[in-house]
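Just below is one structure, and these are the notes that go with it.
Numbered from 1 within each chain, the chains take letters A, B, ... in sequence-line order.
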Amino acid sequence: MATNDNKFQAIIAHAKEYGFVFQSSEIYDGLSAVYDYGPWGSELKKNIRDYWWKSMTQLHENIVGVDAAIFMHPTTWKASGHVDNFSDPMIDNKDSKKRYRVDHLIEAHADTLPKEEGEALLDAMTQLEAAGDFAGLKKLIDDNKIKCIVSGTSNWTDIRQFNLMFKTEFGAVASTSEEDNIVYLRPETAQGIFVNFLNVQKTARMKIPFGIAQTGKAFRNEIVARQFIFRMREFEQMEMQFFVRPGTEGEWYQYWKEDRLKWHLSLGIPQDKFRYHDHVKLAHYAKEACDIEFEFPIGFKEVEGIHSRSDYDLSQHQLYSKKKLQYYDNDIDPATGKPFGNYVPYVIETSIGLDRMFLLILSNAYEEETLTKEDGSTDSRTVLRIPPKIAPVKLAVLPLVKKDGLPEIARNIMNDCRDEFYCFYEEKDAIGKRYRRMDAIGTPFCITVDHQTKEDGTVTIRYRDTMKQERLPADKVKELVKDRIR
RNA sequence: GCGGAAGUAGCUCAGUUGGCAGAGCAUCAGUUUCCCAAACUGAAGGCCGCGGGUUCGAGCCCCGUUUUCCGCUCCA
C-alpha cells in the first residue's frame, strides 16, 4: 500500500510537471478541490471525451446528443429531489466527530419520548426548520438534552447548512424577493436530458428504444477534498440516458452493463483492473444499479455507474411541469395484438466521470521503467503508455541535428501530417533526451530525420512502448500513424 | 470538521550557535554532437508560504494564519 501511495503521489507530481493538471488558482494558494488542465491534460481530456462521444453517438444509430445549459429552471431541482433531499441542516458531535442531519437526530429522540411529548417536539422542529432558525434548532437540541449515540454526550457544534448545490443569483439587478432569483449550478447533467426528452424525441424522430448523450460540467459543494482529481467540486460528466419500454428495462440494463465494460477494454486497459460493484442499497427510484470500478493506486474506486432509474425522473418532471412526457409506441404488443400505446418510458443511465476516466488513463499509463543498457549499466525512464488513439501528441518529428538541411526536411514531414493528427516538432538537445521527453507525455511515435534521409528518403520511427526503431520511407509515416491511432 | 507532519529556485533538497540565499537536475542562448536523460561556455530564475513578535541582526527562535500531505470523519 505504501508503494501505491507513492505511485499516486508520483502521478500527481508528474501530471503537474508535464503540463497535465494544475491546482486551480495556484498563485493564490489554490482553491480547494478544484483543478485546471494544462496543455497536454486538456488535449488528453478532449480526446477521451471525443472517443466516448463518437462511440455513443456516431456508432449507435439510436443515440443522439444534446448540449444543455448548466443553468436550469429552479423547479428542475425540486422535481429531481435535489433541493429537498440534499440541503438539510447538519450538526456535529465534538466528542465522537459524528455528523448528523438535524431532523434525523431530533426525530430519533422524539421516538424515545411518550407520544404527546414526541409530537410536540416534532411540531417545534418543523416550525423552526420552516423559519430557517438554526439557533432555535440548536436550543431545541440542548433543551431536550439530546445525546450522540456514539459518544453519549451533548457536546454539539453549531448547526450548519449542508449545501449540495451551488447557488447563484439570476439577473443583473438584485431582486427584492431573493428567492425568486436563485438558480443552481447543476449537480448532474442528467436533468438537462430529461427535460429535453420530448424535444429530442420529436425533432430527431427517435423511436424507443433510444438514447440521449451529453457531456458537460456539473458542480457539487462537497465538504472535504482529497484524492486529486478523483473528487472535485467542479467536474465533467459523460452521461447517456437510454429510454426503453417498461418491462424491457432488465435486459437493457444488462446490455449496457456489459457494453460499457467493453468500451473500457477497447482502450486496452487490462480486464483484471476492472470489477463490477452491484449496489445492494438502492435509491428509492432505482430498480438496479452497479458501478464499474477500476483499481487506482488508491484502490478500487467507481469510474462509471449504470443505473436502472425506472420512470422516476420523467414522471417527476411531468408532475412538476404539468406537461405530458410520454411516448406513443406504435409497435404491436404480441399479448394484445394492439399497439403498446402511450407510456412514460423507463430509463437506463450510464454515467461516467470524465475526470475520473482521465485519472484512470493516467494511472494505468504511468510507469517508471528500469532499463539495462548495452554496457550493463542501468537507467530509468518515466513513460506514459497512453493508448495511441487518445494520446495528446501522436507524433514527434525530430531532426537528428539542427543543421545540414535536416530541420527543413523534418518541417516538411511535420506540415504534411499536422492536418491529420497532433504533431510536435523539436530540434533542441540530444536525440535521446528528446525521446525521453516524448515518453513522459505519452507520445506513441517519434520519427527522426538523419543524413540517410537526404539520400534515400527514409526516416527512423521509434516506438514509445518498446523503444524499438525501424526505417521506413518518410512518405509512409502519415499512413502508419493514422492506422495505429484508429 | 478533528489530530499529526511539512512549506527555501520549475523539480529534488542543503543551509552550521541567529550573521552576504546555495547545490544538482530542469529552463533559455550558443559551441560541439549521426539514435535513447552526452559534454562545454554563458544567462535567467528567490517577499525562504503569509502576517506579527523577540533581536543590533531572523530562512533559522516565539505566536497566529494559510496551503499541502498522512490518519480519522464525511461523501445523496
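- Straight-line distance between the C1' atoms of B:C25 and B:U16: roughly 25 Å, to the nearest whole Å.
- Nucleotide B:A23 has B:U12 as its partner under the Watson-Crick or G-U criteria, with both atom distances under 3.5 Å.
- Computed from coordinates, the A:Ile12 CD1 to B:U67 P distance equals 18 Å when rounded to whole Å.
- Using N1 to N3 plus N6-O4 or O6-N4 for Watson-Crick, or N1-O2 and O6-N3 for G-U wobble, each under 3.5 Å, B:U54 pairs with nothing.
- The two atoms that bring A:Gln241 and A:Phe194 nearest to each other are OE1-CZ, 3.3 Å, heavy atoms only.
- Both distances falling under 3.5 Å, in either a Watson-Crick or a G-U wobble arrangement, place B:G7 opposite B:U66.
- In a base pair of the Watson-Crick type (N1 to N3 plus N6-O4 or O6-N4) or a G-U wobble (N1-O2 and O6-N3), with each distance short of 3.5 Å, B:G59 is matched with no nucleotide.
- Of all nucleotides listed (B:U68, B:C11, B:C75), B:C11 comes nearest to the side chain of A:Lys16.
- Residue contacts for A:Gln452: at a heavy-atom cut-off of 4.0 Å it reaches no nucleic acid atom on any strand shown.
- Backbone-only engagement by A:Lys403 is indicated by non-hydrogen atom pairs under 4.0 Å involving sugar-phosphate atoms exclusively.
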request  = Applying salt bridge (Lys or Arg N to Asp or Glu O under 4.0 Å), run through A:Asp429 and A:Arg434 and close with a yes or a no.
outcome  = CA-CA 7 Å; A:Asp429 291 321; A:Arg434 283 179 274 168; over 6 Å; no
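- Closest to the side chain of A:Gln9, out of B:A37, B:C70, B:C36, is B:C70.
- Which of B:A37, B:U33, B:U27 sits closest to the side chain of A:Asp429 comes down to B:U27.
- Side-chain rings of A:Phe294 and A:Phe296 approach one another, their centers coming within less than 6.0 Å.
- In this structure, the CD1 atom of A:Ile298 is 17 Å from the P atom of B:C75, given to the nearest Å.
- Checked by atom type, the side-chain pair A:His82/A:Gln191 shows no donor-acceptor distance below 3.5 Å.
- For the pair A:Ile461 CD1 and B:C35 C1', the computed distance is 14 Å after rounding to whole Å.
- B:G7 sits 13 Å from B:C13 when the C1' atoms are compared, rounded to a whole Å.
- Between the CZ atom of A:Arg436 and the C1' atom of B:A26 there is a distance of 16 Å, rounded to whole Å.
- Using a 4.0 Å cut-off between charged nitrogen and carboxylate oxygen, A:Arg49 and A:Glu236 count as a salt-bridge pair.
- Donor-acceptor pairing under 3.5 Å, judged by distance alone, is present between the side chain of A:Arg462 and the base of B:C36.
- Look at the P atom in both B:U41 and B:A23: the space between them is 15 Å, to the nearest Å.
- A distance of about 35 Å separates the C1' atoms of B:A14 and B:C72, rounded to the whole Å.
- Nucleotides B:A21 and B:C48 are separated by 8 Å at their C1' atoms, to the nearest Å.
- If you measure from atom CZ of A:Phe228 to atom P of B:C75, you get 25 Å, rounded to the nearest angstrom.
- Note on A:Arg437: a side-chain N or O is less than 4.0 Å away from OP1 or OP2 of B:U27.
- Partner assigned to B:C40 is B:G30, using Watson-Crick or G-U wobble distances below 3.5 angstrom.
- Base pairing analysis places B:C72 opposite B:G1; the two distances defining the Watson-Crick or G-U wobble pair are each below 3.5 Å.
- The distance between atom CG of A:Asp439 and atom P of B:C35, rounded to the nearest whole Å, is 18 Å.
- Atom pair A:Asp450:CG and B:C36:P shows a separation of 13 Å (rounding to whole Å applied).
- Which of B:A38, B:U33, B:A37 sits closest to the side chain of A:Ala430 comes down to B:A38.
- For B:C36, the OP1/OP2 oxygens have no side-chain nitrogen or oxygen of A:Lys433 closer than 4.0 Å.
- Spacing between atom CD1 of A:Ile431 and atom P of B:C36 amounts to 9 Å, rounded to whole angstrom units.
- Comparing the P positions of B:G15 and B:C75 gives an interatomic distance of 44 Å, to the nearest angstrom.
- Only the P atoms considered, B:G53 is 29 Å distant from B:G10, to the nearest whole Å.
- A donor-acceptor contact shorter than 3.5 Å is absent between the side chain of A:Gln316 and the backbone of A:Ser80.
- Summary of the strand contacts: A:Met467 and A:Lys428 both lie near RNA chain B, and taking for each the nucleotide with the nearest heavy atom, the more 5' one is attributed to A:Lys428.
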ask   = Does the salt bridge (Lys or Arg N to Asp or Glu O under 4.0 Å) test come out yes or no for A:Asp483 and A:Lys476, once each step is laid out?
value = CA-CA 11 Å; A:Asp483 186 56; A:Lys476 292 276 192 283; over 6 Å; no
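- The separation of B:U12 from B:A29, taken at their C1' atoms, amounts to 25 Å, rounded to a whole angstrom.
- Heavy-atom nearest nucleotides on RNA chain B were determined for A:Phe235 and for A:Tyr463, and the one closer to the 5' end corresponds to A:Tyr463.
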